[in-house]
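The structure appears right after this line, and notes come after that.
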Amino acid sequence: MKDILLDRDGDIHVGPESDIDITDSVVQAIRVRLLWFLGECVLYPPETGTDYFGAVLGKNVSPLLAASEIRSQIILVDEVTEVPDVSIEVDGKTRNAVIRYTARTGREVIRNEVVICRNMG
């Protein structure tokens with residue numbers, strides 16, 4: 001899947017000659033999917049996105065439900081074939097979260113993390 005390359009802050013990466021770069025990064029596709037809150041984009045159906053407030057960052061949320069929600073979003077990335085590990089650390093006061101995951105594709109095993117901030121949603 002081809003996409004515009006984003007830098008670490010989520011801004012469009014511009015190459016040395018002021019060119020926009022293209023990527024087929026699975027890591028980026030997962031990051032974009034995990035940063036997309038449920039119903040956030042009006043261009044897509046309202047059920048598109050991660051249910052952070054209901055399934056991940058809400059009060060008394062089951063860790064199994066939260067991991068299942070994250071796993072279901074990662075597996076939607078075309079190249080991902082399996083998501084054997086998901087861990088989520090949530091700060092109850094700020095409702096910020098660090099998501100660590102392992103995803104497998106036909107070519108590689110990806111281990112990465114994504115930081116979710118309440119202010120982003």
Side-chain angles (χ1 to χ4, degrees):
M1 168 176 64
K2 298 290 184 193
D3 200 357
I4 295 172
L5 180 63
L6 302 177
D7 65 19
R8 195 90 178 127
D9 295 326
D11 295 327
I12 294 174
H13 178 269
V14 179
E17 295 182 23
S18 298
D19 292 332
I20 293 175
D21 293 323
I22 303 297
T23 185
D24 60 356
S25 169
V26 175
V27 172
Q28 178 174 302
I30 293 170
R31 177 176 161 70
V32 167
R33 182 162 290 283
L34 291 181
L35 291 176
W36 200 347
F37 279 61
L38 182 67
E40 176 180 20
C41 184
V42 297
L43 300 176
Y44 292 92
E47 64 274 5
T48 303
T50 305
D51 185 11
Y52 281 108
F53 297 119
V56 180
L57 301 176
K59 290 184 179 182
N60 302 317
V61 170
S62 157
L64 292 176
L65 173 65
S68 176
E69 174 67 14
I70 298 303
R71 187 173 276 112
S72 70
Q73 293 301 313
I74 295 171
I75 202 73
L76 289 172
V77 173
D78 288 340
E79 294 84 354
V80 174
T81 59
E82 184 182 4
V83 185
D85 186 50
V86 170
S87 69
I88 306 163
E89 293 177 28
V90 177
D91 181 328
K93 291 183 181 180
T94 64
R95 291 175 61 186
N96 294 342
V98 177
I99 298 169
R100 292 181 182 85
Y101 66 87
T102 302
R104 289 193 176 107
T105 71
R107 298 178 295 154
E108 62 186 328
V109 175
I110 299 165
R111 290 179 181 84
N112 208 344
E113 72 178 39
V114 175
V115 177
I116 306 300
C117 301
R118 182 176 186 217
N119 296 341
M120 294 175 62

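Hydrogens, waters and symmetry mates are skipped; everything else that's a heavy atom, side chains included, is used. Keep in mind that what you see is a predicted model, and the values were worked out from it rather than measured.
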Scan the side chains in residues 65-76 for donor-acceptor partners under 3.5 Å anywhere in the protein, sequence neighbours excluded, and list what turns up.
from  : atom 1 : to    : atom 2 : distance (Å)
Glu69 : OE2    : Asp51 : N      : 2.8
Arg71 : NE     : Val83 : O      : 2.8
Ser72 : OG     : Ser68 : O      : 3.4
Ser72 : OG     : Glu69 : O      : 2.8
Gln73 : NE2    : Gly49 : O      : 3.3

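In this structure, the side chain of Thr81 does not engage the main chain of Gly106 through any donor-acceptor pair within 3.5 Å.
There is no path of hydrophobic side-chain contacts, each under 4.5 Å, that joins Leu38 to Val61.
Under the rule for a ring pair (Phe, Tyr, Trp, His ring centres under 6.0 Å), the partners of Tyr52 that lie at least two apart in sequence or sit in another chain are Phe37. Applying the side chain to side chain donor-acceptor pair (under 3.5 Å) criterion to Arg100, with sequence neighbours excluded, gives Glu89, Glu113.
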- Task: Kindly determine whether Leu35 and Ile116 satisfy side-chain contact (heavy atoms from CB on, under 4.5 Å), including the steps that lead there.
- Result: CA-CA 7 Å; Leu35 291 176; Ile116 306 300; 3.6 Å; yes
- side-chain contact (heavy atoms from CB on, under 4.5 Å) between Ile30 and Val80, intermediate numbers included: CA-CA 9 Å; Ile30 293 170; Val80 174; 4.0 Å; yes
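When all heavy atoms of Val77 and Ala29 are compared, the pair lying nearest together is CG1-CB, 3.8 Å. Nearest heavy-atom pair across Pro84 and Thr102 is CD-O, 3.2 Å.
With Tyr101 as the partner, the side-chain contact (heavy atoms from CB on, under 4.5 Å) test is satisfied by one option alone out of Ile88, Asn112, Asp85: Asn112.
To the nearest 0.5 Å, atoms CD (Glu40) and OG1 (Thr48) are separated by 11.0 Å.
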